[in-house]
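Let me begin by presenting the structure, written as C-alpha cells, before commenting on it.
None of the values given here were measured: they were computed from a predicted structure.
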Amino acid sequence: MEPEHRALLREHRLQLSAQLLVSDTIIPFLYQENVLTRTQVEEIESLATSRQKTLKLLDILPNCGPRAFHAFLQSLEDFRWIRDQLLLDLQERAGQESRGEGNMVHRYSWNFPHSRLQRVPSDQELSRLASRLGAEWESVLLDLGLSVETLFRCRADHSLSAHGAVLAGLVQWRRCGGKGATFQRLIQSLKKADVHPSVLGEVLT
C-alpha cells in the first residue's frame, strides 16, 4: 500500500471504525479478491464488536500488498458516502503535492523543534503513540532494538489489547535505552517502517 493511502486510512480511522460494518460485505469481498487470507478473516471475525473488527481490518490492510487500498474502496459499495469522502481527500492531497504544498504543513513533516527531539517520551506520550501505530508497530520496535522474544512476550501478556502490547514494547525500549531513548531515535525507526509523520505530530501536539 502506498504511503499516502496508509496515511489516509489512519486519518479517517475513528470515522471508519464508527460507521463501517465490515462483516456483511467488506470482509467477504476482500477475501474474494485475495487481499485477505482466511487466517486474517478469522482473526477479524473472532472479535466481539463491529468497531473492533473494523479497527483490526485497518491494522491489517496496510500490509496486504499494492492492491489493498483500491480493493478496499471497491468493497465500500454499501458505504458510498465514505468512499466518496476518501477519494475527495485523496484528490485534494494530490493537488497539494502537485503545487508543492504537501510538505509545508507542519504536522506532515518530520521537522519538529530540536528541544522536543532530544526529550525522552513520557508515559502519556508513549500511550498516545501506541494508540496511533498500526500494523507497522512490530517493525518499529524491532528497529528500536527489541528482540523477537520480547515482542512475543508483549503480545502474550496483552493478548486482548493491541494498544497494551505496543505500549509495553515502547516502555521496554525506553527503559533499556535510558537517556538515549529520545524522540529523535524514535523518528529513525518510524521512518524505516514508513509511518506517516502525522502520527508523531499528533503525539507531540
Side-chain angles (χ1 to χ4, degrees), residues 1-17 30 33-37 40 43-44 54-73 75 86-87 89-98 100-112 116-117 121 125-148 150-151 154-155 162-163 165-170 172-174 177 181-205:
M1 185 177 290
E2 296 295 328
E4 60 267 27
H5 296 159
R6 294 186 182 192
L8 187 67
L9 291 181
R10 183 178 291 116
E11 289 170 18
H12 288 270
R13 183 178 176 87
L14 293 180
Q15 176 197 359
L16 293 172
S17 68
L30 294 174
E33 295 298 310
N34 294 317
V35 173
L36 295 177
T37 66
Q40 289 169 332
E43 185 179 4
I44 294 169
T54 303
L55 289 172
K56 189 63 178 178
L57 175 63
L58 294 175
D59 287 341
I60 291 174
L61 274 180
N63 293 322
C64 289
R67 295 176 51 251
F69 180 75
H70 295 292
F72 176 66
L73 291 181
S75 75
L86 291 175
L87 288 171
D89 287 359
L90 195 62
Q91 290 171 358
E92 290 178 352
R93 180 173 303 180
Q96 287 181 347
E97 291 177 354
S98 68
E101 299 174 5
N103 291 326
M104 291 176 64
V105 183
H106 174 73
R107 70 189 183 100
Y108 289 163
S109 74
W110 293 111
N111 298 320
F112 301 106
R116 290 190 177 185
L117 296 182
E125 288 166 334
L126 289 182
S127 181
R128 288 205 299 266
L129 178 59
S131 68
R132 286 161 176 78
L133 282 178
E136 64 278 325
W137 71 272
E138 292 188 7
S139 298
V140 172
L141 290 174
L142 286 172
D143 191 75
L144 286 171
L146 270 69
S147 66
V148 174
T150 300
L151 286 184
C154 291
R155 287 197 301 268
H163 174 269
V166 183
L167 180 58
L170 290 170
Q172 178 71 14
W173 161 69
R174 187 183 61 183
T182 63
F183 278 109
Q184 182 69 61
R185 175 64 187 90
L186 194 54
I187 282 178
Q188 295 174 10
S189 295
L190 293 174
K191 284 183 176 180
K192 287 184 179 179
D194 201 23
V195 174
H196 197 266
S198 62
V199 172
L200 190 58
E202 293 168 1
V203 172
L204 289 171
T205 54

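Side chains of S189 and W173 form no contact here, defined as non-hydrogen atoms less than 4.5 Å apart. Within the 4.5 Å cutoff, no side-chain heavy atoms of L167 are placed close to those of L129. Contact annotation: the side chain of W137 never approaches that of D59 to less than 4.5 Å [non-hydrogen atoms, C-beta and beyond]. Using a 4.5 Å heavy-atom threshold, the side chains of C64 and I60 count as touching. L16 is listed as a side-chain neighbour of L9, based on a closest heavy-atom distance under 4.5 Å. Here the side chains of P62 and R10 are not in contact, with every heavy-atom distance at 4.5 Å or above. With contacts defined as side-chain heavy-atom distances shorter than 4.5 Å, the pair E138/R155 qualifies. Between L61 and V35 the shortest side-chain heavy-atom distance falls below 4.5 Å.
R6 and E11 are not joined by a salt bridge, as no carboxylate oxygen comes within less than 4.0 angstrom of a charged side-chain nitrogen.
No side-chain N or O of E2 forms a donor-acceptor pair with one of H5 less than 3.5 Å apart.
Rounding to the nearest 0.5 angstrom, the gap separating the CG atom in L186 from the CD atom in E125 is 10.0 Å. Remark: E33 CD to S75 OG distance equals 9.5 Å, nearest 0.5 Å. Once rounded to the nearest 0.5 Å, the distance linking OG of S147 with CG of L142 reads 8.5 Å. With rounding to the nearest 0.5 Å, the separation of CG in L57 from OG in S17 is 11.5 Å. Atom CG of L30 is separated from atom CG of L36 by 5.0 Å, given to the nearest 0.5 angstrom. Interatomic distance, OG of S127 versus CZ of R132, reported as 9.0 Å (0.5 Å rounding).
The salt bridge (charged side-chain N to carboxylate O under 4.0 Å, His left out) test applied to D143 returns R185, K192, not counting sequence neighbours. Checked against side-chain hydrogen bond (donor to acceptor under 3.5 Å, both in side chains), H70 has no partners two or more places apart in sequence or in another chain.
Formation of a donor-acceptor pair under 3.5 Å by the R174 side chain with backbone atoms of L170 is not found in this model.
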Criterion side-chain contact (heavy atoms from CB on, under 4.5 Å) on H12 and D89, from CA distance to verdict: CA-CA 10 Å; H12 288 270; D89 287 359; 2.6 Å; yes
Step-by-step side-chain contact (heavy atoms from CB on, under 4.5 Å) determination, L117 to T182: CA-CA 6 Å; L117 296 182; T182 63; over 6 Å; no
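Heavy atoms only, all atoms of each residue included: A181 and P121 are closest at O-CD, 3.1 Å.
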